[in-house]
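Counting starts at 1 for both ligands and their atoms, in listed order.
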Amino acid sequence: MNGMEELSKEISYALRHAPWEYDLEMDEDGWVPVIQLLSALHVSEKWKDVDENSLIEMIIKSKKKRHEIKNGKIRAFYGHSIPIKIVKDEKCPPNTLYHGTARRYLDSIKEKGLLPQNRQYVHLSQDIETARNVGKRHDDRPIILLINAKKAYEDGIKFYYGNEKVWLADIVPNKYITE
Ligand code: HQG
């Protein structure tokens with residue numbers, strides 16, 4: 001893993017899962033002051049030279065757009081598991097979205113639909129390749145599920161924009177999912 005990717009992972013952990021471990025004061029939209037995050041990172045020898053420009057460079061260079069910086073604050077776009085739910089803006093999804101998952105989860109998903117499990121939202125992918133990469137984190141031969149997102153949206157299921165590859169939903173009932 002290169003330095004930037006490692007930094008992106010550490011910051012994702014802080015902003016998605018454990019702001020309290022880093023003494024971060026997070027608002028309801030998930031923003032924290034950059035200065036607070038930098039002071040927390042500087043405790044570690046590894047990150048002692050990281051400054052706001054390094055964070056901007058990390059965001060630009062990262063293959064995945066996980067974070068954004070605005071007005072002296074930084075936040076993660078998606079992936080949160082913290083107890084306070086980050087309020088996302090609802091948005092009309094494309095007709096079809098994809099979800100890459102493990103073969104071993106299939107029976108349960110067919111029965112209960114897609115559930116957020118440990119995160120705040122179910123994560124869906126904009127394209128098949130992204131879904132395959134997400135699924136490979138759980139299974140070397142992942143299953144790609146097709147989500148009839150537009151129909152679900154028309155029926156009242158809420159969708160939210162994560163980044164250009166990631167969509168979020170509260171839940172996806174099984175009737176909108178096919179293999
Ligand atoms: C599964 C990464 C059984 C679900 C990725 C998934 C993504 C069920 C697992 C983002 C289920 C949760 C999130 C049910 C869902 N029964 N299993 N009813 N409903 N599941 O890691 O979507 O690199 O929390 O299929 O790119 O894999 O970190 O979610 O396999 O966008 O930026 O429960 O994380 O982004 O796994 O990945 P995860 P995910 P980053």
Participant: Determine, using ring centers only, whether Phe77 and His67 are less than 6.0 Å apart.
Facilitator: no
Participant: With only distance considered, is Tyr105 within less than 3.5 Å of ligand 1 through an N or O on each side?
Facilitator: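 There is no such contact.
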Participant: Tell me: protein heavy atom nearest atom 23 (O) of ligand 1, and distance?
Facilitator: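 Scanning the protein heavy atoms, the shortest distance from atom 23 (O) of ligand 1 goes to Lys64 NZ, 2.6 Å.
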Participant: Need the ligand 1 atom indices (1-based, order shown) with element for anything under 4.0 Å from a heavy-atom of Tyr78.
Facilitator: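 It comes down to these atoms of ligand 1: 31 (O), 32 (O), 35 (O), 40 (P).
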Participant: For Arg16, counting its heavy atoms only, list the atoms of ligand 1 lying under 4.0 Å from any of them.
Facilitator: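 Close to Arg16: 28 (O), 32 (O), 40 (P).
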Participant: Quick one: pull up CZ in Arg66 and NZ in Lys9 and give me the separation to the nearest 0.5 Å.
Facilitator: 5.0 Å
Participant: Is it the case that atom CD in Glu154 sees more than 12 heavy atoms from other parts of the structure closer than 6.0 Å?
Facilitator: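 Atom CD in Glu154 is crowded, with more than 12 foreign heavy atoms closer than 6.0 Å.
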Participant: How far is atom 36 (O) of ligand 1 from its nearest protein heavy atom, and which residue and atom is that?
Facilitator: His138 CE1, 3.3 Å
Participant: Count the heavy atoms of every other residue, nucleotide or ligand shown that sit under 6.0 Å from CD of Glu28, and state whether that count exceeds 12.
Facilitator: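 Result for CD/Glu28: open.
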Participant: Give a yes/no on ligand 1: does Gly113 have at least one heavy atom closer than 4.0 angstrom to it?
Facilitator: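 Distance cut 4.0 Å: Gly113 passes for ligand 1.
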Participant: Just go through Gln117, Arg104, His67, Lys165 and tell me whose heavy atom is the nearest to atom 11 (C) of ligand 1.
Facilitator: Gln117
Participant: Please tell me if the side chains of Pro116 and Asp170 come closer than 4.5 Å, counting only heavy atoms from C-beta onward.
Facilitator: no
Participant: For ligand 1, which is the ligand I care about here, please tell me if Val134 has any N or O atom under 3.5 Å from one of the ligand's N or O atoms.
Facilitator: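 Between Val134 and ligand 1 (N or O atoms, distance only) the closest approach is not under 3.5 Å.
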Participant: Quick check on contacts: which atoms of ligand 1 are under 4.0 angstrom from a heavy atom of Arg119?
Facilitator: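 Result: 13 (C), 21 (O), 24 (O), 29 (O), 34 (O), 38 (P).
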Participant: Would you mind running through ligand 1 and noting each atom that sits below 4.0 Å from a heavy atom of Leu115?
Facilitator: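 Under 4.0 Å from Leu115, ligand 1 has these atoms: 15 (C), 18 (N), 19 (N).
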Participant: Around atom CD1 of Ile56, are there more than 12 heavy atoms from other residues, nucleotides or ligands closer than 6.0 Å?
Facilitator: yes
Participant: Within a distance under 4.0 Å of any heavy atom of His99, pick out the atoms of ligand 1 and give their elements.
Facilitator: 4 (C), 22 (O), 25 (O)
